[in-house]
A.B. asks: 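Before we start, here is the structure in question, set down as structure tokens.
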Amino acid sequence: MSAYKSNSLFYEILVYLMLCIIGVSTLFPLLWMLATSLQDSNADISSLKSLIPEKLHWENYNTVFAETNFLRAFMNSTFVTLSVTVGQVFTSSLAAYAFARMKFFGRDQIFLGYLGTLMIPGAVTMIPTFIILRNLDCINSYSALILPGIFSAYGTFMLRQFFLALPKDLEEAAMIDGCNSWLIYIHVILPLSRNALITLFILTFMGSWKSFMWPLIVTHSSDLYTLPIALAKFKEMFGIQWSLLMAGSFIMILPMLIIFITGQKFFTKGITLGAVKG
Amino acid sequence: MSEVILNDVSKIYAGGVTAVDKINLQIKDKEFMVLVGPSGCGKSTTLRMIAGLEDISAGIAKIADRVINDVPPKNRDIAMVFQNYALYPHMSVYENMAFGLKLHKISKNDIDRRVREAAEILSMQNYLDRKPKALSGGQRQRVALGRAIVRKPSVFLFDEPLSNLDAKMRVQMRTEISKLHHRLETTMIYVTHDQTEAMTLGDRICVMKDGLIQQVDSPLNIYERPANVFVAGFIGTPPMNFIRGRLCGHKESFHFISDNGIDIPLPESWNVKLSSHAEKAAVFGIRPEDIGSEHAESVPDAPSLNCQIEVIEPMGSETYIYFNLGGSACIAKVDAHRRIKVGDSLKLPLLMSKAHLFDAETEKIIL
Amino acid sequence: MIRKKTIYENLTAWLYLLPNLSGFLLFSMIPVIFAVILSFFKWDVFNSPEFVGLQNFRNLLGWTYSDGQIIFNDPDFWKYLYNTLFLMMGIPLNMLAALCIAMLLNRKMKGISFFRTVFYLPSICAGVAVYMLWACLYNPEYGIINTVLGFVGIEGPGWLTEYEWSKPSLMLIELWAAMGGTNMLLYLAGLQGISEELYEAAEIDGASGFQKFWHITVPMLAPTNFFIFVMSVIGGFQGGFDAAFILTQGGPAGSTTTLSYYIYNHAFEWFNMGYAATISLVLFAIVMLVTIINWCFGGKNECV
Amino acid sequence: MFRNAKMRYKIGIILLLTAYISLGLYLVTSSSSYKAFQQRGKTDKIKLVMVVPAAQFSDKIYADTIREFEESNPDIEVEFQTVAGNYYQKLLVMIAGNISPDLMWMGQSFSEFADRGVFLDITDRIKKDPSINLDDYQQTVLSWYIRDAKIYALPFGTDIGFIVYNKDLFRKAGLPFPSDEWTFEEFLEAAKKLASAPGDGTPKSYGYQGKIDLGVFGAQIISHDGKQTILCSSPEMIKYFKTNMSMYKDWKVTPRPQENMMQGLDNYSYFAQGRTAMMQFYTWDLPFMQAKFGDMDWDIVSNPKVKQKAQWASSQAIVMSKYTRHPDEAWKLLKAFQSREFMVAMSYRGIPPNLRYAEDAVKQHTGKPEGYKKLLAMTSYLSPVPRVPHLQELMALYYNASEQIWAERTSPEEAMKKLEKEMRKRISESTVVKTGGDK
């Protein structure tokens with residue numbers, strides 16, 4: 001017994017040690033960003049010797065706020081990203097539910113179509129998508145930023161895979177209890193695939209928040225700029241001033257960090273625990 | 001009135017596999033019907049068709065005189081207890097039980113009353129706020145039962161509800177389900193592969209095999225008058241002993257001569273029924289308790305078997321002895337106090353009034 | 001005869017599908033069909049496309065045989081395909097690393113939420129900061145890696161500047177970034193869904209740690225695995241490998257240039273939109289083949 | 001108890017939803033496209049769209065010019081868009097999507113677009129316009145915009161490559177400052193003296209960073225005379241490669257080309273730290289250099305002469321789209337970018353191609369670099385990027401081949417021979433070579 005215990009303690013320490021070593025390497029970019037963003041704007045950053053700034057230049061952040069229409073871009077990004085994320089999680093989960101749990105004519109063919117579109121690089125579909133949006137009279141508007149992001153084959157595919165792993169008995173129990181397919185979706189599928197939904201939420205949020213090329217192509221007016229576009233402009237202006245650039249990048253990643261931290265806190269271990277006996 | 005009637009009901013899967021083949025079954029109101037059979041016999045499929053979880057490929061199913069083939073499960077006025085419990089893991093015990101009622105738009109007070117009532121029946125009052133993962137297996141099974149009870153359905157469906165419990169809990173829950181049936185007085189359909197459960201619970205038992213109904217009758221009738229070799233062998237532990245052979249003689253006196261030459265004279269009272277089977281291959285069946293029991297010994301001129309004991313299993317109240325009868329393994333249930341040991345040769349009388357004879361070709365009962 | 005219920009079931013299913021499918025057809029399917037059609041055309045974007053039949057495919061995939069040597073019509077394509085496939089060899093390792101990290105992070109222990117976040121940071125910070133870090137690590141003169149190698153008497157190579165080392169160096173960056181990234185998150189979500197009871201039951205049956213992993217974790221994660229694999233293959237083929245372009249600009253001598261870069265060049269630098277579509281279609285065919293093989297052999301049992 | 005929690009949950013959701021919807025409403029109603037939508041038909045102004053890449057300082061100069069133009073032309077409204085990153089891609093999608101801007105900025109990719117007939121022929125307009133005198137322009141630069149005797153654009157700035165040197169390091173090494181007449185031998189001598197070997201833990205420093213331009217060797221990849229003769233396997237090209245290879249292999253005065261890109265993240269810092277005494281920079285770097293080099297003592301000098309004097313060169317222009325619906329108004333606006341004010345204002349990052357304005361620019365120049373006026377002299381020996389159809393594709397082939405050479409995976413002779421073959425093949429395969437204008 002004691003041998004087992006010391007063994008597991010040793011194991012525990014080993015795990016911590018491993019996590020710490022990898023953790024230091026993954027933490028480094030963030031620290032470097034933060035440190036650089038507080039440097040003097042003409043400081044040399046090409047060697048790591050100057051990692052710790054002599055004086056904290058918080059005014060770099062003021063410059064970012066002053067030189068970009070930061071608040072506007074931030075709100076645009078928030079609005080667009082939230083719309084895309086919520087919309088995508090919603091439509092994807094509905095479609096994934098149909099793909100994972102329903103029998104219908106042409107299901108596998110359509111699903112293969114979903115997979116297929118993922119396999120064509122965006123470079124060649126960008127122009128047709130743009131033309132479609134132009135014909136819908138959407139260019140340079142929020143709909144151009146939001147609409148194409150909502151309908152995602154990626155999200156559908158991902159959620160379908162997770163839904164497939166849910167125990168079928170629960171749905172049958174719900175059917176007997178008086179649920180139609182919609183109520184099953186609401187009361188059984190969604191709560192039980194919480195982790196998957198959170199994951200998709202996090203991934204979509206990151207993707208949409210960072211997205212650069214598409215917003216660049218479809219927006220012209222500065223009051224539609226999302227953060228990456230505003231910061232790219234900022235970068236053109238102050239490209240060689242690393243501290244400013246990093247201050248901008250740091251502000252940019254902060255919301256993603258917050259979303260990730262809160263999102264993964266909602267991860268629930270063994271969400272289907274006690275549902276069925278295997 | 002909630003009679004369940006199946007008329008020529010079949011289930012054919014997309015691949016062409018027939019799971020259930022044109023079965024006819026009438027389950028009376030307030031009856032406890034047990035569907036029993038080995039796995040893959042179509043019993044669960046039948047239940048799921050009644051529940052509406054599987055489509056009925058052909059035939060008609062009725063609950064309370066209403067054709068339910070195309071009625072969605074929620075409108076069939078049924079409740080079902082699943083083998084795996086299938087509790088909603090994100091809901092508390094209370095919510096699990098209340099969920100179905102809420103969906104049926106029952107008032108909050110009513111829900112509360114019914115849930116507490118059910119909890120009391122199942123003595124789960126103290127666990128209402130718990131989530132399923134904080135319950136033991138037996139408690140989860142109770143919640144699954146409770147979820148069905150609160151609904152007050154006209155038909156209860158049980159899909160092997162006790163198979164995931166340990167032996168002791170299984171016996172306990174069995175009696176509780178039995179009590180529940182008496183208390184609720186509702187039609188119940190119960191699927192199991194365990195013949196003991198079937199015998200102890202059912203008003204009637206429906207024995208199935210390969211998608212076909214073998215026999216429907218009360219437990220005792222099934223035990224005493226099995227319709228064929230399969231039913232005879234499936235019901236009862238230890239199972240009935242079968243000896244293969246042929247029927248010899250004619251009119252006045254018939255003998256059963258086994259393949260390895262054992263000669264069993266058959267009672268005269270059987271003669272009428274045997275006359276049409278003379279000289280045909282047949283299977284002789286007799287239950288272990290009818291070999292060498294006190295009862296058998298008291299009958300004069302009873303035919304007997306000579307055997308050499310291979311294994312002895314004392315069960316306390318009686319003792320099982322295993323022996324080989326020219327290739328076929330046989331079991332006899334004898335008095336526990338009999339002094340015997342392995343290797344002993346015994347002469348065991350047969351209680352012919354309880355013996356059966358089956359047609360070897362059709363496997364149907366002759367007598 | 002189609003039964004009423006079947007029709008009803010079909011209708012419901014389509015109703016669920018509709019919100020996504022409508023947008024999907026409009027914004028994904030039509031552009032893809034457009035791209036497929038385009039691969040049979042020569043199109044310089046500004047002037048109307050000119051139908052060339054299979055010419056693009058011949059130019060891309062064809063070869064001639066002369067002087068005992070095979071001469072490809074488009075040697076660059078094969079070179080970049082090779083580069084792409086080479087870099088994709090890291091995928092199984094990346095997946096395994098992500099799974100290991102996910103299993104380490106799928107525990108009850110102090111600071112687990114902190115570790116999850118820290119491991120995910122490379123995905124969040126992706127960009128200059130990350131590449132700066134690696135440029136410093138890999139620096140042949142004063143980089144940490146070569147300094148450490150120097151202590152044990154090995155003269156480290158120019159990791160990113162030597163033809164033979166550039167690809168493995170990039171694969172290492174990719175591994176580092178991927179082990180705690182999206183795949184880890186997906187595995188974590190999948191792992192959290194596995195009921196603890198399964199492990200308990202297996203433990204009672206006397207299963208060892210590896211047996212539990214092999215007989216419970218692996219099959220239970222099969223759908224997740226399929227997803228991650230397919231997406232990794234797609235990502236691998238389409239990967240811009242940003243790292244490559246910031247750190248090595250596709251070099252040295254084109255050793256880290258991938259197909260996606262080639263497609264981008266044809267589409268947006270050289271205005272050969274039709275040819276770009278053709279390359280995409282060939283890529284599509286390869287990825288589809290891999291996916292279908294995986295679908296058929298990898299996990300037939302309901303997981304895909 | 002749990003009902004309370006549920007209640008709170010519901011209220012939270014409602015609050016979030018309200019916040020989200022009001023945010024959306026605010027953003028949508030305040031966005032300019034929405035306003036434009038509301039005002040549709042209200043204004044009868046002619047609207048011109050102009051797109052340029054975003055760049056430090058220049059955005060403001062464009063905007064000022066446009067504002068003045070709008071003031072003097074009250075019937076025209078200009079929608080001015082600056083694109084940060086992927087400029088050509090955005091432009092391409094806009095044109096393909098049938099919303100081509102009326103005016104656009106064009107740099108090196110001019111030929112690519114012009115060859116596909118994207119631009120409007122402005123020859124007649126120039127001829128009719130008394131305010132434009134083509135003789136004022138630097139003829140080499142002007143010639144880049146002529147296809148089949150038709151002019152498609154007028155440049156407003158010439159980009160030139162030159163060497164920047166660190167005066168302090170020259171002083172320390174006891175070397176005289178380089179002059180524009182210097183030869184390659186002088187250059188090499190200086191570079192060798194300025195390079196230092198690594199030793200005391202500091203990274204080694206170099207005499208020069210960059211390549212010696214192929215123009216000074218008299219080499220050309222493709223002839224500039226419009227005949228598209230492929231010259232890449234000429235002895236001059238081979239010499240160009242061999243000399244540059246010797247620079248890092250034998251003389252060790254420059255870093256290896258692959259190591260170059262490792263510092264590529266921030267060239268300015270690299271030079272400012274004194275880790276190289278001389279470095280190749282371009283006119284567009286000037287504003288950054290002024291900001292980044294601070295108090296450093298530096299100046300510019302032309303490339304050393306090998307066979308001849310030459311400087312790498314390109315140019316920038318504002319071009320009219322063939323698809324513009326208001327060509328007359330667009331022409332008016334285009335002329336605003338040929339004005340003295342604009343060109344001189346832009347001269348901080350490129351010499352005005354209009355030589356009269358260039359002289360003004362030189363006169364007005366103050367501060368660093370002191371040798372700014374040398375740039376004007378350099379315009380007389382430019383070594384331009386060849387302006388040929390499929391330029392980018394051919395150049396990509398060339399870069400691939402030269403990469404192989406720098407990585408020493410093949411000899412210059414072999415690589416260039418192969419390249420010549422490939423270029424020929426590529427040119428002959430390109431059946432759709434359109435030269436401008438009308439289809």
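None of these values were measured; they are calculated from a predicted model. Residue numbers begin at 1 in each chain, while the letters A, B, ... track the order of the sequences.
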A.B. asks: Taking the six-membered ring for Trp and the single ring otherwise, decide whether the centroids of C:Tyr131 and C:Trp134 are under 6.0 Å apart.
C.D. replies: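 Aromatic pair excluded; centres sit 6.0 Å or further apart.
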
A.B. asks: Of all heavy-atom pairs between A:Phe151 and C:Ser28, which one has the smallest distance, and what is that distance?
C.D. replies: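 A:Phe151 and C:Ser28 have their closest heavy atoms at O-OG, 4.4 Å.
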
A.B. asks: Measure distances from C:Ser123 to the heavy atoms of chain A and classify the residue's part below 4.5 Å as side chain, backbone, both or neither.
C.D. replies: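 Contact with chain A is through the backbone of C:Ser123 alone.
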
A.B. asks: So which part of A:Met246 gets closer than 4.5 Å to some heavy atom of chain C, the side chain, the backbone, both or neither?
C.D. replies: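 For A:Met246, side-chain heavy atoms alone lie under 4.5 Å from chain C.
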
A.B. asks: Compare every heavy atom of C:Tyr16 with every heavy atom of A:Ala98, then report the nearest pair and how far apart it is.
C.D. replies: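 The answer is CB-CB, 3.9 Å.
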
A.B. asks: In terms of heavy-atom pairs under 4.5 Å, which option from C:Ile112, C:Thr182, C:Leu283 contacts chain A the most?
C.D. replies: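 Among the listed options, the one with the most contacts to chain A is C:Thr182.
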
A.B. asks: Between A:Leu200 and chain C, with a heavy-atom cut-off of 4.5 Å, which part of the residue counts as in contact: side chain, backbone, both or neither?
C.D. replies: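 No part of it gets close to chain C.
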
A.B. asks: Please rank C:Met288, C:Met29, C:Glu9 by heavy-atom pairs under 4.5 Å with chain A and give me the top one.
C.D. replies: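 Looking at each option in turn, the highest pair count goes to C:Met288.
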
A.B. asks: When heavy-atom pairs shorter than 4.5 Å are enumerated against chain A, which of C:Leu26, C:Ile30, C:Leu281 gives the highest number?
C.D. replies: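 That would be C:Leu26.
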
A.B. asks: Among C:Val233, C:Leu38, C:Leu17, C:Leu221, which has the most heavy-atom pairs under 4.5 Å with chain A?
C.D. replies: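 Most heavy-atom pairs within the cutoff with chain A belong to C:Leu17.
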
A.B. asks: At a 4.5 Å cut-off on heavy atoms, which part of A:Trp209 comes close to chain C: side chain, backbone, both, or neither?
C.D. replies: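 For A:Trp209, no heavy atom lies under 4.5 Å from chain C.
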
A.B. asks: Taking every non-hydrogen pair under 4.5 Å, which of A:Ile150, A:Ile261, A:Ile198 racks up the most with chain C?
C.D. replies: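 The option with the most such pairs is A:Ile261.
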
A.B. asks: Determine the minimum heavy-atom distance between A:Phe163 and A:Ser93, stating which atoms define it.
C.D. replies: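 Heavy atoms of A:Phe163 and A:Ser93 come nearest at CE1-O, 3.4 Å.
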
A.B. asks: Would you confirm whether A:Trp214, through its side chain, and A:Met126, through its main-chain N or O, come within 3.5 Å as a donor-acceptor pair?
C.D. replies: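 Judged by distance alone, no pair lies under 3.5 Å.
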
A.B. asks: Which atoms of A:Met206 are under 4.5 Å from chain C, going by heavy atoms: the side chain, the backbone, both sets, or neither?
C.D. replies: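 Just the side chain, heavy atoms under 4.5 Å.
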
A.B. asks: Heavy-atom pairs under 4.5 Å with chain C are the metric here; pick the option from A:Pro148, A:Ser92, A:Ala196, A:Ser249 that has the most.
C.D. replies: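 Max contact count across the listed options: A:Pro148.
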
A.B. asks: Give, as side chain, backbone, both or neither, the part of C:Val45 having an atom under 4.5 angstrom from any heavy atom of chain A.
C.D. replies: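 It is the side chain, since no backbone atom gets that close.
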
A.B. asks: Would you name the heavy atoms of C:Ala102 and C:Leu188 that are closest together and state the gap between them?
C.D. replies: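 Nearest heavy atoms, C:Ala102 then C:Leu188: O-CD1, 3.5 Å.
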
A.B. asks: Table please: side-chain donor-acceptor pairs of residues 104-118 of chain A below 3.5 Å, with sequence neighbours left out.
C.D. replies:
from	atom 1	to	atom 2	distance (Å)
A:Arg107	NH1	A:Met102	O	2.7
A:Tyr114	OH	C:Asn20	OD1	2.8
A:Thr117	OG1	A:Tyr114	O	2.9

A.B. asks: What pair of heavy atoms forms the shortest contact from A:Pro121 to C:Ser280, and how long is it?
C.D. replies: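 In terms of heavy atoms, the two residues are closest at CD-CB, 3.5 Å.
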
A.B. asks: Counting distance only, does the side-chain N/O of A:Ser152 pair as donor-acceptor with the main-chain N or O of A:Gly155 below 3.5 Å?
C.D. replies: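 Judged by distance alone, yes, a pair lies under 3.5 Å.
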
A.B. asks: Does any heavy atom of chain A fall under 4.5 Å from the side chain of C:Leu105, the backbone, both, or neither of them?
C.D. replies: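 For C:Leu105, the contact with chain A is made by the side chain alone.
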
A.B. asks: Could you look at A:Tyr154 and say if it's the side chain, the backbone, both or neither that has a heavy atom under 4.5 Å from chain C?
C.D. replies: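 A:Tyr154 touches chain C through backbone and side-chain heavy atoms alike.
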
A.B. asks: Under a 4.5 Å heavy-atom cut-off, does chain A meet the side chain of C:Asn106, its backbone, both or neither?
C.D. replies: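 Answer is both: backbone and side chain atoms of C:Asn106 are under 4.5 Å from chain A.
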
A.B. asks: At what distance, to the nearest 0.5 angstrom, does OG1 of A:Thr26 lie from CD1 of C:Ile124?
C.D. replies: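 Answer for the OG1-CD1 pair, A:Thr26 versus C:Ile124, is 10.5 Å.
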
A.B. asks: Between C:Gln238 and A:Met119 (side chain of the first, backbone of the second, donor and acceptor by atom type, cut-off under 3.5 Å), is there such a pair?
C.D. replies: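 Yes, C:Gln238 side chain to A:Met119 backbone: donor-acceptor pair under 3.5 Å.
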
A.B. asks: C:Phe115 versus chain A, heavy atoms under 4.5 Å apart: side chain, backbone, both or neither?
C.D. replies: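 For C:Phe115, the side chain is the part near chain A, not the backbone.
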
A.B. asks: What part of C:Ile234 gets closer than 4.5 Å to chain A, counting heavy atoms only: side chain, backbone, both or neither?
C.D. replies: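 Only the side chain of C:Ile234 comes within 4.5 Å of chain A.
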
A.B. asks: Non-hydrogen atoms of chain A under 4.5 Å away: do they reach the side chain of C:Ile101, the backbone, both or neither?
C.D. replies: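 Side chain only.
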
A.B. asks: Show your reasoning for whether side chain to side chain contact (heavy atoms under 4.5 Å, CB included) applies to C:Leu15 and A:Leu94.
C.D. replies: CA-CA 9 Å; C:Leu15 215 59; A:Leu94 279 181; over 6 Å; no

A.B. asks: Would you mind telling me which of A:Val24, A:Val124, A:Asn180 has the largest number of heavy-atom pairs within less than 4.5 Å of chain C?
C.D. replies: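 The answer is A:Val124.
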
A.B. asks: So which of C:Thr12, C:Leu186, C:Val130 has the biggest tally of heavy-atom pairs under 4.5 Å with chain A?
C.D. replies: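 Of C:Thr12, C:Leu186, C:Val130, C:Leu186 has the most heavy-atom pairs under 4.5 Å with chain A.
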
A.B. asks: Can you name the closest pair of heavy atoms from A:Val89 and A:Leu159 and give their distance?
C.D. replies: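 Minimum heavy-atom contact is O-CD1, 4.2 Å.
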
A.B. asks: Got a donor-acceptor contact below 3.5 angstrom from the C:Thr84 side chain to the C:Leu259 backbone?
C.D. replies: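 Checking the backbone N and O of C:Leu259 against the side chain of C:Thr84, a donor-acceptor pair under 3.5 Å is found.
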
A.B. asks: Are A:Ser181 and A:Tyr97 linked by a side-chain donor-acceptor pair shorter than 3.5 Å?
C.D. replies: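 Per modelled atom types, A:Ser181 and A:Tyr97 side chains form no pair under 3.5 Å.
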
A.B. asks: Is chain A contacted by the side chain of C:Phe34, its backbone, both, or neither, given a heavy-atom distance below 4.5 Å?
C.D. replies: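 Contact with chain A: side chain only.
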
A.B. asks: With a 4.5 angstrom heavy-atom cut-off, which part of A:Leu147 approaches chain C: side chain, backbone, both or neither?
C.D. replies: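 Its backbone and side chain both get close to chain C.
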
A.B. asks: Between C:Ser22, C:Ser113, C:Cys125, which has the largest tally of heavy atom pairs under 4.5 Å with chain A?
C.D. replies: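 The answer is C:Ser113.
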
A.B. asks: Under 30°, 30 to 60°, or over 60°: which ring-plane class applies to A:Phe260 and C:Tyr120, parallel, tilted or perpendicular?
C.D. replies: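 A:Phe260 vs C:Tyr120 ring planes: parallel.
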
A.B. asks: Just so I understand: if I count every heavy-atom pair under 4.5 Å between each of A:Lys265, A:Lys103, A:Lys210 and chain C, which residue has the most?
C.D. replies: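 If we count pairs closer than 4.5 Å to chain C, A:Lys210 comes out on top.
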
A.B. asks: Where on C:Leu21 is there a heavy atom nearer than 4.5 Å to chain A: the side chain, the backbone, both, or neither?
C.D. replies: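 Contact with chain A is through both the backbone and side chain of C:Leu21.
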
A.B. asks: Does the gap between the ring centers of C:Tyr187 and C:Phe227 come in under 6.0 Å?
C.D. replies: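 Between C:Tyr187 and C:Phe227, the centre distance exceeds or equals 6.0 Å.
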
A.B. asks: Do the side chain of C:Asn56 and the main chain of C:Phe41 share a donor and acceptor less than 3.5 angstrom apart?
C.D. replies: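 Confirmed, C:Asn56 side chain pairs with C:Phe41 backbone.
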
A.B. asks: Select, from A:Gly23, A:Ala96, A:Ser25, the one with the greatest count of heavy-atom pairs under 4.5 Å involving chain C.
C.D. replies: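 Result: the option with the highest number of such pairs is A:Ser25.
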
A.B. asks: Looking only at heavy atoms, which of residues 270-279 of chain C get nearer than 4.5 Å to chain A?
C.D. replies: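 Answer by number: C:Met273, C:Ala276, C:Ala277.
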
A.B. asks: When you measure from the side chain of C:Asn10 to the backbone of C:Thr6, do you find a donor-acceptor pair of N or O atoms at a distance under 3.5 Å?
C.D. replies: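 Between the backbone of C:Thr6 and the side chain of C:Asn10 there is a qualifying donor-acceptor contact (under 3.5 Å).
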
